[in-house]
Amino acid sequence: MTANAKAGGMPLHTKMLIGFVVGAVAGICANLWAADSAWLGGLVTYVANPVGQIFLRLLFMLVVPLVFSALVLGVVEIGEPSALGRIGLKTLAFIFTVTAIAVTIGLVVVNLLEPGRGLPPEVGQAILASSAENAGAIVAKKEGFSGMDLLLNIVPRNPLASAVNGDLIAVMFFALMVGIAATVLRSDGTRSFLGTVQGMYDICLKLIDWVIQLAPYAVAALLFSITAKLGFDVLVQLARFVGTVVLALSIHFFVVFPLLVKFVGRMSPIAFFKRAEPAILTAFSTSSSSATLPTTLMVAEERLGIPRRVGRFVCTLGATANMNGTALFEGITVLFLAQFFGVDLSLAQQVTILFLCILGGIGAAGVPGGSLPVIAMILVMFGIPPEGIGLILGVDRFLDMCRTTVNVTGDLVGSVVVARGESPDWHSARS
Ligand code: ASP
């Protein structure tokens, strides 16, 4: 059952919304009437926190196997049929460049608007200090992130140790290397290894599906904990977060995509959007690039007239690897929560976040909420309390719809651009 499916008769996202409202209202009431009472402290410590923590732990549990398997398979898919090598390289160049543009837009907008600021810094610091586990991590991370170390840390000394320590970027590097080697070396051994990796990936998707079913309860619990501490102000902050994400996604969708279509793909952006409409609508309503893939392929081949070998390759790979909206969202979310909790991030750290988000876009699964495990992990890497995820979960469904739309449209833009690069005199259908 996917996260779109009805759970217990009611769609999951409706349940999540109810969890959000119940948690927020109960938390605000508790904050107003019983802020310093012992029972409220007990309720938060022994009920709300553990429920939220279990959900977060389940997400963390999936990060390493998911990111590893998604990246290995992503790379192998690019290199598989030798005839597609050139298209593969072009697609890869497109993914990296356009995702980097998306994340940069997100980071600039979130730095300019600062949606996470506003609460007195002591409040954020107090929340931070109350989570001792993270306090240690912050100190460790701050020491780790300096100049050259930053670059050196990308290459793991011991990939298993990196996985154990949650050093995501090193795990990603290792996965990329494994993927490249498995592409170059086609033996029975590598083939059966890839079969196992595919199995691991499929299992992770199933597990995400199950974990997401718990989200409504986790949302209620995490929101209760936060609003009981902070009251109403936190909701204002959240509205600013939603506005920031939607603005940044709109810039990418309405400015960057049309420019690419017009000047690189040499096609009218208006015609492009008209023809892409079925895929755009499916993406918006399913919140899943993978679920939209059949529609994306149909649009690419039949409505945009993209040569089959290009469209099939770019869209299939793009459904898991080309996620402009997701990468942009990850960047904004990490910075928003850093601002919210009063964690200062240096320019070097923000550049690291940029790279992590580009890879995070590739490593996230194309299912509703697929980017949440990646975000949770990046938060921990930078000493930002992962509980912050609870804050954004309540509004995540809507943002997921918007970012998936950008993800899928990005795949179609990529198809147009690569098709044009392959045959400069290609004419899209009915252009
Ligand atoms: N729902 C997104 C997609 O399928 C992934 C995510 O950002 O959670 O494209």
Side-chain angles (χ1 to χ4, degrees), residues 2-5 11-13 16 55 58-59 62-63 66-67 70-71 73-74 95 98-99 102-103 106 201-202 204-213 215 218-219 241-242 245-246 248-249 252-253 257 276 279-297 299 314-334 336 356-379 389 392-414:
T2 72
N4 294 311
L12 186 67
H13 59 269
M16 278 168 80
F55 177 73
L58 287 169
L59 283 180
L62 298 176
V63 175
L66 180 69
V67 166
L71 275 179
L73 295 174
I95 292 178
V98 181
T99 310
V103 185
Y201 180 71
D202 294 344
C204 287
L205 286 195
K206 190 73 219 153
L207 287 174
I208 288 195
D209 209 19
W210 287 342
V211 173
I212 295 282
Q213 304 296 324
V219 170
F241 168 70
V242 173
V245 174
V246 172
L249 286 174
H252 196 71
F253 191 86
F257 283 162
I280 292 176
L281 291 178
T282 314
F284 189 72
S285 48
T286 60
S287 295
S288 165
S289 304
S290 302
T292 312
L293 184 59
T295 318
T296 318
L297 287 173
V299 165
V314 179
C315 294
T316 311
L317 179 70
T320 45
N322 183 34
M323 293 201 182
N324 300 171
T326 291
L328 177 156
F329 172 74
E330 287 171 354
I332 293 191
T333 305
V334 171
F336 166 76
L356 277 172
C357 290
I358 295 174
L359 293 177
I362 302 176
V367 296
S371 50
L372 295 177
V374 180
I375 293 177
M377 201 65 175
I378 301 180
L379 291 177
I389 288 245
I392 55 154
L393 265 182
V395 288
D396 189 55
R397 177 67 194 196
F398 171 66
L399 295 180
D400 203 355
M401 292 163 85
C402 300
R403 64 183 185 256
T404 307
T405 305
V406 173
N407 291 344
V408 169
T409 311
D411 298 339
L412 290 171
V413 174

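Start at 1 and go down the list; that is how both ligands and their atoms are numbered.
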According to salt bridge (charged side-chain N to carboxylate O under 4.0 Å, His left out), does anything in residues 357-374 pair up with another residue at least two apart or in another chain? List the pairs.
none
Could you grab the distance from atom CD1 of Ile375 to atom OG1 of Thr333, nearest 0.5 Å is fine?
4.5 Å
Ordered by chain then number, the protein residues lying under 4.0 Å from ligand 1 by heavy atom are Ser287, Ser288, Ser289, Met323, Thr326, Ala365, Gly366, Val367, Pro368, Gly369, Gly370, Ser371, Asp400, Arg403, Thr404, Asn407
Checking Asp400, Thr292, Thr295, Thr404 against Thr286 for side-chain hydrogen bond (donor to acceptor under 3.5 Å, both in side chains), the one that qualifies is Thr292
Is any side-chain heavy atom of Asn322 closer than 4.5 Å to one of Thr99?
yes
What is the minimum heavy-atom distance between Phe257 and Gly410, and which atoms define it?
CZ-CA, 3.4 Å
With distance as the sole test, does Asp396 use its side chain to make a donor-acceptor pair with the main-chain N or O of Gly369 at under 3.5 Å?
no
